[in-house]
Amino acid sequence: MGIRMTGIASGLDTEAIVGALMSAQSLKKTKLVKSRTKLEWTQTKWDELNTKLKNLYNNYVTKMRLASSYSTKKATVSDPTKASVTASNGAVNGSYSLEIQHIATTQYLSGGKIGAASGSDKLSDIDPSLVNKEIEVKVGDKTTKITITADMTLDGFASELRSAGLNASYDTTQKRFFISSKESGVENAFSITSSGLTGEEISGREAIYNAVGYSEMSSANKKKVDEAMSALRTSPVGSDAYNSALDSISKAVYDTKEAAAEEAAKTYVKAKLYSENYDTYKAEAEDELRSQFYDDDGNLKGNYASGDFEMAVAAKAAEKTEAFVNKQISTDDQTKLDIDAAKYAGKSEADINALSEEAKKKYYGTGEGGALEIKAFDGTSAYTQDSIKNDISASVQNYASITDRNSALASSALSSLGLADISVAPDGTVTTSGKPEGMALVEASDSKVLLNGAELTSSTSTVSANGLSIELTGLTTSTGPITFSVSNDVESVYNSVKSFLKEYNSIMKEMQELYGAESAKGYEPLTSAEKKELSDDEVEEWEKKIKGSLLRNDSTLNGIISSMRSAMMSQVTYDGKTYSLASFGIMTSTDYTEGGLLHIYGDTDDAVYADQDDKLKKALEDDPEAVMNVLSDIFENLRSTMSQKMAGSKTSSAMTFYNDITMKEQIDSYKKDISKWEEKLAAMEDAYYKKFSRMEAAMAKLQSQQSNLAGLFGNG
């Protein structure tokens, strides 16, 4: 909207006149805005109320309908310093005798001091004979073999122990290893044993590893080969175990070579695609970027330096070519692999062909030095798993035939590291050999108790039996057995009912106050102009009056109140008798103004009814089954009622007690109508100004003519 020069000729306050005219026209829009605001406030009020109802439903009603909510047990221990007992609903009431003979321990090994100072020191520097030694770690049913390499460090060895399932670290201050089980109990005890390799074994091992290309294998295939090599150490040539190990090694080699061949093929295809299309996309990039870097006279723009254009073109071309190649190869299962743009960008056809030849020599040809034949580049098969087996069988047989496997070499392996060979029998008995000075071992053990004379064990400090969870904290060997009793937890159930009623009464009171609120007739949301005429406190009080009456006489709200109250007043039959909440002293007040809020007669926290007989507590003590069945049925009635009220429909979302969908649609409709009125009013205002502008123009012309005439008469 431009600057409006009004009233110059006429002397009229045009803006004031238009403003007055528009004020009358804006009444319809203002009414819509106020209606929308009121509806939005109503939506907010319902959202708040809906949240409280859902919380009541989720946190109380759904739980109180379950029989387990009324079967809570408690345990009282004669000496809490020795044990704590938790009783589940299934625990049997009564008195128990408990004798704690042992509490589960975790196996813990503190190594002897060694000469190393740093965790980065190599084991081979500590003792060169450690190289190629094997350390076998057993944790429960898991067995892991660790081969000490020339480059393995102290921290690296600790890491291998952790991978085997232990807690392990090398302490540079104490210069020793600290190793422990991750869990307590005999079933989690660990053993560490070592075995040495003779020179003949080492040579045979290296011959096989070189022949099968061990260094180029994946971790999974290396693991297969390592497991097969372990089996070969104890398997006679020709035995089933020997043949199985040979097959396993052959399969690992076949899989490795085949994967390498596929990788080479994909790399070659991608490189060819990249090379063949790079120049095309480079030309496109030059066309796209030239105007960004150069002006019409061919001079560099701004602060661009020489070479910036070429760098930008290369990057753009690489991006475009890569996108093209990836799109092409995505349609071919044989070439699905991300391309390395930097590696092939700008390479010539000769470069690509050279790369291809190198790949073929490495992965596809017959090779030299007895290398295995593998798949030819044209796709024909030049090798099989059987051919691999034939090629490596001699090396494998030589290794399996070695008889001088000197396990006596092993003792120095662990002692050099401040450790010892540790073996654990199924019953937890520990045997050590080669124990170095300063090493200390805490053996793993199970917890053992006598519960009412019956021996129970556990791998942890917690013993569970028949609904009881007993946390052991001290032995009774010097004090004699302790006792504990299990009984119904009346207070817990009583407090659960009491907590529910507090929440129920709170929300029922709020809903009743909202439904019976005073009328706010004559009060409407204030416009910005109207708010300026009032103080902040007056505005707040005005809006509070409106918001408090939004749900007055609301039929949906009344339906919720009535149905919930009806469910809580329902009667149920148990064991041939009819019960209600009143049967257990849960009554409405004699004060009718409360609107049916519920009280527990005899509740010491209820100032009005504390002096009444506490029927609920007495019933929980004398007949807990009746209380459980009756209350769970009543709360199920309430759950069903509330569930029906918040079922989803065309007008409301699931878990919603009011018509939120309809309300949102109405608000959106108001917004559209207001927008249309704003456009209409803007057009109307422009029309008024145009009319006044035309009037001003006409009056200015008339004044000009009058001035001319006056001038003529004056000159005469």
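The analysis underlying the following values was restricted to heavy atoms, covering all of them including side chains, and did not include hydrogens, waters or symmetry mates.
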Rounded to the nearest 0.5 Å, what separates atom [atom1] in [X] from atom [atom2] in [Y]?
{"X": "Leu161", "Y": "Ile192", "atom1": "CG", "atom2": "CD1", "value": "5.5 Å"}
{"X": "Asn188", "Y": "Lys142", "atom1": "CG", "atom2": "NZ", "value": "12.5 Å"}
{"X": "Ser180", "Y": "Asn167", "atom1": "OG", "atom2": "CG", "value": "4.0 Å"}
{"X": "Leu109", "Y": "Ile422", "atom1": "CG", "atom2": "CD1", "value": "4.5 Å"}
{"X": "Thr462", "Y": "Ile470", "atom1": "OG1", "atom2": "CD1", "value": "9.5 Å"}

TODO: Kindly determine whether Ser118 and Asp121 satisfy side chain to side chain contact (heavy atoms under 4.5 Å, CB included), including the steps that lead there.
DONE: CA-CA 6 Å; Ser118 171; Asp121 289 353; 3.7 Å; yes
- [ ] Can you run down the salt bridge (Lys or Arg N to Asp or Glu O under 4.0 Å) pairs that involve residues 167-177, sequence neighbours left out, and say none if there aren't any?
- [x] none
Task: Qualifying salt bridge (Lys or Arg N to Asp or Glu O under 4.0 Å) pairs, either residue in residues 451-477, two or more places apart - done: none
Task: Least distance between heavy atoms, Ala465 atom then Leu456 atom - done: CB-CD1, 3.8 Å
Task: For Ala83 against Leu98, the heavy-atom pair lying closest together - done: CB-CD2, 4.0 Å
Does the side chain of [Y] come within less than 4.5 Å of [X]'s, by heavy atoms?
{"X": "Ile208", "Y": "Ile392", "result": "no"}
{"X": "Lys320", "Y": "Thr280", "result": "no"}
{"X": "Glu227", "Y": "Ser248", "result": "no"}
{"X": "Val463", "Y": "Ile100", "result": "no"}
{"X": "Thr473", "Y": "Ser84", "result": "no"}
{"X": "Lys389", "Y": "Asp247", "result": "yes"}

- [ ] Apply the test side chain to side chain contact (heavy atoms under 4.5 Å, CB included) to residues Ser181 and Val139: give CA-CA distance (whole Å), side-chain angles for both, the deciding distance (0.1 Å), then the verdict.
- [x] CA-CA 8 Å; Ser181 300; Val139 183; 5.7 Å; no
Task: Donor-acceptor pair between Thr457 and Asp446 side chains, under 3.5 angstrom - done: no
Task: Residues Asp226 and Tyr214: side-chain donor-acceptor under 3.5 angstrom - done: yes
- [ ] Give the intermediate values and the outcome of side chain to side chain contact (heavy atoms under 4.5 Å, CB included) for residues Leu451 and Tyr96.
- [x] CA-CA 7 Å; Leu451 182 63; Tyr96 295 80; 4.2 Å; yes
Open item on the list: Whether the side chain of Asp421 engages the backbone of Ser194 through a donor-acceptor N/O pair (distance < 3.5 Å, no angle test) should be reported.
Closed with: yes
[atom1]/[X]: more than 12 non-hydrogen atoms of other groups inside 6.0 Å:
{"X": "Lys222", "atom1": "NZ", "answer": "yes"}
{"X": "Lys282", "atom1": "NZ", "answer": "no"}
{"X": "Glu136", "atom1": "CD", "answer": "yes"}

Open item on the list: For Asp255 and Lys224: C-alpha separation, side-chain torsions, deciding distance, then whether side chain to side chain contact (heavy atoms under 4.5 Å, CB included) applies.
Closed with: CA-CA 11 Å; Asp255 291 344; Lys224 289 180 182 178; 4.1 Å; yes
Task: By ring pair (Phe, Tyr, Trp, His ring centres under 6.0 Å) - contacts of Phe178 (at least two apart) - done: none
